[in-house]
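Everything on this sheet refers to the single structure shown next.
Since the structure is predicted, the reported quantities are computational estimates derived from the model, not experimental observations. Each ligand, and each atom within it, is numbered from 1 in the order the structure gives.
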Amino acid sequence: MTGSITIETTGEVAAALGEGRPVVALESTIITHGMPWPGNRDMALEVEAAIRSEGAVPATIAVIDGRLHAGLDEASITALAQAKDVMKLSRADLAFAISEGRTGATTVAATMMAAHLAGISVFATGGIGGVHRGAETSFDISADLDELARTPVIVVSAGAKAILDIPKTLEALETRGVPVVAFGQDEMPAFWSRNSGLRAPLRLDDAGAIARFETTRRALGVHGGMLIANPVPEDEEIPAAEINRHIEAALEAARARGVEGKAVTPFLLSEILKLTDGASLKTNIALVLNNARLAARIAVALT
Ligand code: PSU
Ligand code: MN
């Protein structure tokens, strides 16, 4: 049997897509696996409000009881933020959750797939998955990187999470032909902090320039997505030297407990939350909000 999947949208999302108005996709793994309740629900709702206040429509992506949604109402977001046993879905298992009637949160990779299917070309998140430290032995490289190479969606992030190997992540993106654009600075940001010590491959300073780059890529027939690396606001960052100590401790805890596979990223994020006494969560929320605002401005500039 072949056919197409019905995407459930809210009236707000359906109307915007139908009229060609700007829409910004949002992922849900950050809600279910990235932050604890109730901060996760507050973050999800604040991010939606930030997108609306910039003149775009938010579409949070998730699979609920086997149905793929692009746009969730407040009650559904609240339910998802408290739900137990939610799958973490990437390219490998998005269809599995649908065929088995399961509930799953979408990672960057699965959110890009769903956004593209729904006709949404801009997506805001916190940090993408990438090449993990020690990947030369663990082979742990996020499917987010291959998705960026193949699916035409602009992903607005605060860079790759600093728990990763950022130089190797940049190399892997370069190999795959994914443009990485730092926003408003020369340096690649590192999620909780504005600095990584690495120069970003490209730099642009306003949403209009990003939209022009995207339309030029399309005109050239270049396939695939692009990554915008938007530094966290200065007054909300955790300086690199400070967060790096906690990252080292969290990585050590993960090794000691033998945490593997899909569990690695959620485990590290929750360890760092404990080690920083909640400061990492405050910064995480601030950077997602900052990315949502920029994504909305890019979506507006594209229409
Ligand atoms: N950024 C966050 N919190 C998260 C993630 C990113 O601030 O929870 C999620 C994203 O959904 C990303 C995923 O796609 O982590 C990467 O997981 P993995 O390394 O297992 O591919
Ligand atoms: Mn992995």
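- Looking at atom 7 (O) of ligand 1, its nearest protein heavy atom turns out to be Phe191 CZ, 3.1 Å.
- The CG atom of Leu227 sits 9.0 Å away from atom CG of Leu145, with the distance rounded to the nearest 0.5 Å.
- When the shell of 6.0 Å around CD of Glu260 is examined, it contains 12 or fewer heavy atoms from other residues, nucleotides or ligands.
- By the 3.5 Å distance cut-off applied to N or O atoms, Gly129 is not counted among the residues near ligand 1.
- Of all protein heavy atoms, the one lying nearest to atom 20 (O) of ligand 1 is Lys88 NZ, 2.7 Å.
- Side-chain contact check for Thr32 versus Asn40: every heavy-atom pair is 4.5 Å or farther apart.
- With contacts defined as side-chain heavy-atom distances shorter than 4.5 Å, the pair Glu214/Met226 qualifies.
- Relative to atom 14 (O) of ligand 1, the option among Leu145, Asn291, Asp144 with the closest non-hydrogen atom is Asp144.
- Between the Gln82 side chain and the Trp37 main chain, no donor and acceptor come within less than 3.5 Å of each other.
- Each protein N/O/S atom under 2.8 Å from the Mn ion (ligand 2) was counted, for a total of 1.
- Atoms of ligand 1 found under 4.0 Å from any heavy atom of Gly34, numbered from 1 in the order shown, are 8 (O).
- Listed by number with element, the atoms of ligand 1 under 4.0 angstrom from any heavy atom of Thr107 are 11 (O), 14 (O).
- Under a 4.0 Å criterion applied to the non-hydrogen atoms of His132, ligand 1 contributes the atoms 19 (O).
- Within the 4.5 Å cutoff, side-chain heavy atoms of Val180 are placed close to those of Pro201.
- Between the side chain of Ser90 and the main chain of Ala92, no donor-acceptor pair closer than 3.5 Å is present.
- The salt bridge (Lys or Arg N to Asp or Glu O under 4.0 Å) analysis of residues 118-138, with sequence neighbours excluded, yields the pairs Arg133-Glu248, Glu136-Lys168.
- For Asn290 (side chain) and Ala286 (main-chain N/O), no donor-acceptor pair under 3.5 Å exists by modelled atom type.
- When hydrogens are left out, the protein atom nearest atom 21 (O) of ligand 1 is Ser142 OG, 2.7 Å; that is the closest non-hydrogen contact.
- Note on ligand 1: Leu269 sits in its first shell, one or more heavy atoms being nearer than 4.0 Å.
- For the pair Ile120/Val153, no side-chain contact is recorded, criterion being any heavy-atom separation below 4.5 Å from C-beta on.
- Ligand-side atoms of ligand 1 in range of Asn284: 7 (O), range being under 4.0 angstrom from any heavy atom.
- Using modelled atom types and a 3.5 Å distance limit, the side chains of Glu27 and Thr107 yield no donor-acceptor pair.
- By the 4.0 Å heavy-atom criterion, Ile128 is excluded from the residues contacting ligand 1.
- Ligand 1 has a nitrogen or oxygen under 3.5 angstrom from a nitrogen or oxygen of Glu27.
- Within the 4.5 Å cutoff, no side-chain heavy atoms of Glu54 are placed close to those of Val300.
- In terms of protein heavy-atom proximity, atom 19 (O) of ligand 1 is closest to Thr265 OG1, 2.9 Å.
- Looking at atom 15 (O) of ligand 1, its nearest protein heavy atom turns out to be Lys161 NZ, 3.4 Å.
- Among all protein heavy atoms, the one lying closest to atom 1 (N) of ligand 1 is Gly127 O, 3.1 Å.
- For the pair Met35 and ligand 1, no heavy-atom separation below 4.0 Å is found.
- For the residue pair Ser157/Thr125, the side-chain donor-acceptor check at 3.5 Å is not satisfied.
- The backbone N or O of Glu237 sits nowhere less than 3.5 Å from a side-chain atom of Ser193 that would complete a donor-acceptor pair.
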